[in-house]
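Let me begin by presenting the structure, written as structure tokens, before commenting on it.
Starting from 1, each residue takes its place in the sequence as its number.
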Amino acid sequence: MNWRLSGFGDEVDPDPVVQVAVLQALGARCIEVRSAWGVNVADLDDARLAELSRVLRERGQEVSAVASPVGKVPVEADPDDEVGRLRRIAHVATTLGTPYVRIFSFFTGDRKPDEVRDDVLLRMARLAAVAEDTGIVLLHENEKGIYGDTPQRVLDLVESVASPALKVAWDSANFVQVGVERPHDEGFALLRPHLEYLQVKDALTADGSVVPAGEGDGQVEATVAALAADGFTGFVSLEPHLADAHELGGFSGPEAFGRAARAFRRLTDRVGVTLV
């Protein structure tokens, strides 16, 4: 079984030329684009976007997804702003040749999830409508501090919005960091019908620190094995966060990124999955 290996280029280096060189050296012919030259995808102007597209095209690097910041704002923020950002990012995704756009389901702040649920669902429905209109597919990432941080609330989102343009990006480390002690056992069966994309990192329950896949408590190998068993053929994207992590992303550098890639390849070798 072959899976398409990708990775967050800006975790390697700000320069997309370096990003591609390192990813290809690690056997990844795909890239997940979050920023280039230190500029987030939401803020790339048309000239920079065209240059990025050229860099990737000339090197034969396919874009697996655009890792947008949409929905990584307080739920009280103006929803029109996020709709506008998503329309711009839909253009970015189309230019780069991918239908997939990662999004989030809004920071809840000091409010309880139940208190913001209706506001979140209204906003997510508007984003899904944009996706349907522009031909993109939204990948909701479970993230700390947002409404969809646990398997149960992620399921609530996708089932309540009920849009074919809203799917799930699974991140084991993020589940661990919000107290889901056994992410695979507690969430995989719930979310598998909606799971479209795998983001690869792991974390320790003891302190939430991020570690390479298979070295933490995120049950990454169990999830990989289950996906392989049921015929998953989507992208798997390395997001190591081994040197730095912050609200809008993270960084690893070439050496740590390579360590994360090799750890994941050892894991997939054990399961019988070939990364291409």
Checklist entry - Under 3.5 Å, is there a donor-acceptor pair between the Glu196 and Tyr100 side chains? => result yes
Checklist entry - Can you find a side-chain donor-acceptor pair between Asp185 and Gln219 that sits under 3.5 Å? => result yes
Checklist entry - Any Lys/Arg nitrogen of Arg126 or Asp80 sitting under 4.0 Å from an Asp/Glu carboxylate oxygen of the other? => result yes
Next on the checklist: Does either side chain, that of Tyr147 or that of Asp156, offer a donor lying less than 3.5 Å from an acceptor on the other one?
Outcome noted: yes
Checklist entry - Excluding sequence neighbours, so at least two apart, what forms ring pair (Phe, Tyr, Trp, His ring centres under 6.0 Å) with Phe104? => result none
Checklist entry - Is it true that Glu62 and Arg29 have a side-chain N and a carboxylate O under 4.0 angstrom from each other? => result no
Checklist entry - Going through the distances and angles, do Val33 and Phe8 end up as a side chain to side chain contact (heavy atoms under 4.5 Å, CB included)? => result CA-CA 6 Å; Val33 178; Phe8 282 66; over 6 Å; no
Checklist entry - Is there a path of hydrophobic side-chain contacts, each under 4.5 Å between heavy atoms of I, L, V, M, F, W or Y residues, that connects Val55 with Val12? => result no
Checklist entry - Can any side-chain N or O of Asp13 pair as donor or acceptor with the backbone N or O of Val18 at less than 3.5 Å? => result no
Checklist entry - Do any N or O atoms from the side chain of Trp170 and from the backbone of Leu191 form a donor-acceptor pair under 3.5 angstrom? => result no
Next on the checklist: Please report the interatomic distance CH2(Trp3) to OG1(Thr233), rounded to the nearest 0.5 Å.
Outcome noted: 9.5 Å
Checklist entry - Can we say Arg111 and Glu76 salt-bridge, meaning some charged N sits less than 4.0 Å from an Asp/Glu carboxylate O? => result yes
Checklist entry - Say you draw a straight line from CG of Leu96 to CD of Gln61; how long is it, rounded to the nearest 0.5 Å? => result 12.0 Å
Item to check | Considering all heavy atoms, the nearest Arg153-Gly148 contact | outcome: CB-CA, 4.3 Å
Checklist entry - Is Val101 reachable from Ile31 through a run of hydrophobic residues whose side-chain heavy atoms are each under 4.5 Å from the next? => result yes
Next on the checklist: Before you tell me yes or no, could you show the steps for Met124 and Ile103 under side chain to side chain contact (heavy atoms under 4.5 Å, CB included), namely the whole-Å CA-CA distance, both residues' side-chain angles and the distance that decides it to 0.1 Å?
Outcome noted: CA-CA 10 Å; Met124 294 298 290; Ile103 64 164; 3.6 Å; yes
Checklist entry - Under 3.5 Å, side chain of Thr274 to main-chain N/O of Asn2, donor-acceptor pair present? => result no
Checklist entry - Has the side chain of Asp202 got a donor or acceptor atom that lies under 3.5 Å from a matching backbone atom of Ala173? => result no
Item to check | Shortest non-hydrogen contact from Gly216 toward Leu204 | outcome: CA-CD2, 3.7 Å
Next on the checklist: If I compare all heavy atoms of Pro212 with all of Ala263, which pair ends up nearest, and what's the gap?
Outcome noted: CB-CB, 3.6 Å
Checklist entry - Does the side chain of Val224 reach to within under 4.5 Å of the side chain of Leu198, using non-hydrogen atoms? => result yes
Item to check | Path from Val63 to Trp37 over hydrophobic side-chain contacts below 4.5 Å | outcome: yes
Item to check | Distance-only donor-acceptor check, side chains Ser160 and Arg117, under 3.5 Å | outcome: yes
Checklist entry - Would Ser6 and Glu32 count as a side-chain hydrogen bond (donor to acceptor under 3.5 Å, both in side chains) if you check the C-alpha gap in whole Å, the side-chain angles of each, and the deciding distance to 0.1 Å? => result CA-CA 6 Å; Ser6 185; Glu32 184 157 349; 5.1 Å; no
Next on the checklist: So which atom in Gly208 and which in Ala203 form the shortest heavy-atom distance, rounded to 0.1 Å?
Outcome noted: O-CB, 4.1 Å
Checklist entry - Side-chain heavy atoms under 4.5 angstrom apart, residues restricted to Ile, Leu, Val, Met, Phe, Trp, Tyr: same cluster for Met1 and Phe264? => result yes
Checklist outcome for this item: OG1 (Thr223) and CG (Leu195) are apart, to the nearest 0.5 Å, by 8.5 Å
Checklist entry - Where does the angle between the aromatic ring planes of Tyr197 and Phe235 fall among parallel (under 30°), tilted (30 to 60°) and perpendicular (over 60°)? => result tilted
Checklist outcome for this item: For Pro240 and Leu238, the nearest pair of non-hydrogen atoms, with its separation, is CD-C, 3.6 Å
Checklist entry - What is the distance from atom CZ of Arg265 to atom CG of Leu5, rounded to the nearest 0.5 Å? => result 6.0 Å
Item to check | Student check: side-chain heavy atoms of Arg85 and Val73 closer than 4.5 Å | outcome: yes
Item to check | Val211 with Leu267, same ILVMFWY side-chain cluster at under 4.5 Å | outcome: no
Item to check | Note: Lys201-Glu11 ion pair, threshold 4.0 Å (strictly below) | outcome: no
Checklist entry - Is the shortest distance from a Lys or Arg side-chain nitrogen in Glu255 or Arg259 to a carboxylate oxygen in the other one below 4.0 Å? => result no
Next on the checklist: Would you say that Glu186 contacts Thr150 through its side chain, given a criterion of any heavy-atom pair below 4.5 Å between the two side chains?
Outcome noted: no
Next on the checklist: Regarding Lys112 and Glu115, does a basic nitrogen lie under 4.0 Å from an acidic carboxylate oxygen?
Outcome noted: no
Checklist entry - Looking at CD1 of Ile89 and OG of Ser68, how far apart are the two atoms once the value is rounded to the nearest 0.5 Å? => result 4.0 Å
Checklist entry - What do the steps show when you test Val41 against Arg88 for side chain to side chain contact (heavy atoms under 4.5 Å, CB included), and what is the final call? => result CA-CA 9 Å; Val41 287; Arg88 173 59 187 174; over 6 Å; no
Next on the checklist: I'd like to know if the side chain of Asp45 and the backbone of Arg48 have a donor-acceptor N/O pair within less than 3.5 Å.
Outcome noted: yes
Checklist outcome for this item: Shortest non-hydrogen pair, Leu275 vs Thr268, comes out as CD1-OG1, 3.5 Å
Checklist entry - Given side chains that start at C-beta, do those of Leu157 and Val120 come closer than 4.5 Å, heavy atoms only? => result yes
Next on the checklist: Let me confirm one number: the CZ-CZ distance from Arg59 to Arg54, rounded to the nearest 0.5 Å.
Outcome noted: 7.0 Å
Next on the checklist: Less than 4.5 Å apart, side chain to side chain, heavy atoms only: is that true for Arg4 and Val276?
Outcome noted: yes
Checklist entry - Can you tell if the side chain of Asp230 reaches within under 4.5 Å of the side chain of Arg192, non-hydrogen atoms only? => result yes
Cut-off 3.5 Å, no hydrogens considered: what does the side-chain donor-acceptor table look like for residues 127-141, sequence neighbours left out?
| from | atom 1 | to | atom 2 | distance (Å) |
| --- | --- | --- | --- | --- |
| Glu132 | OE2 | Ser163 | OG | 2.6 |
| Asp133 | OD2 | Arg87 | NH1 | 3.2 |
| Thr134 | OG1 | Val130 | O | 2.8 |
| His140 | NE2 | Ser105 | OG | 2.8 |
| Glu141 | OE1 | Arg102 | NH1 | 3.0 |
| Glu141 | OE1 | Gln199 | NE2 | 3.2 |
| Glu141 | OE2 | Asn174 | ND2 | 2.8 |
| Glu141 | OE2 | Gln199 | NE2 | 3.4 |

Checklist entry - Is any NZ, NE, NH1 or NH2 atom of the basic residue among Lys144 and Asp149 found under 4.0 Å from an Asp or Glu carboxylate oxygen of the other? => result no
Next on the checklist: Is any side-chain heavy atom of Val20 closer than 4.5 Å to one of Leu23?
Outcome noted: no
Checklist entry - Hey, does Leu155 have a side-chain heavy atom less than 4.5 Å from the side chain of His194? => result yes
Next on the checklist: Do the side chains of Glu82 and Arg123 get close enough for a salt bridge, i.e. N-O under 4.0 angstrom?
Outcome noted: no
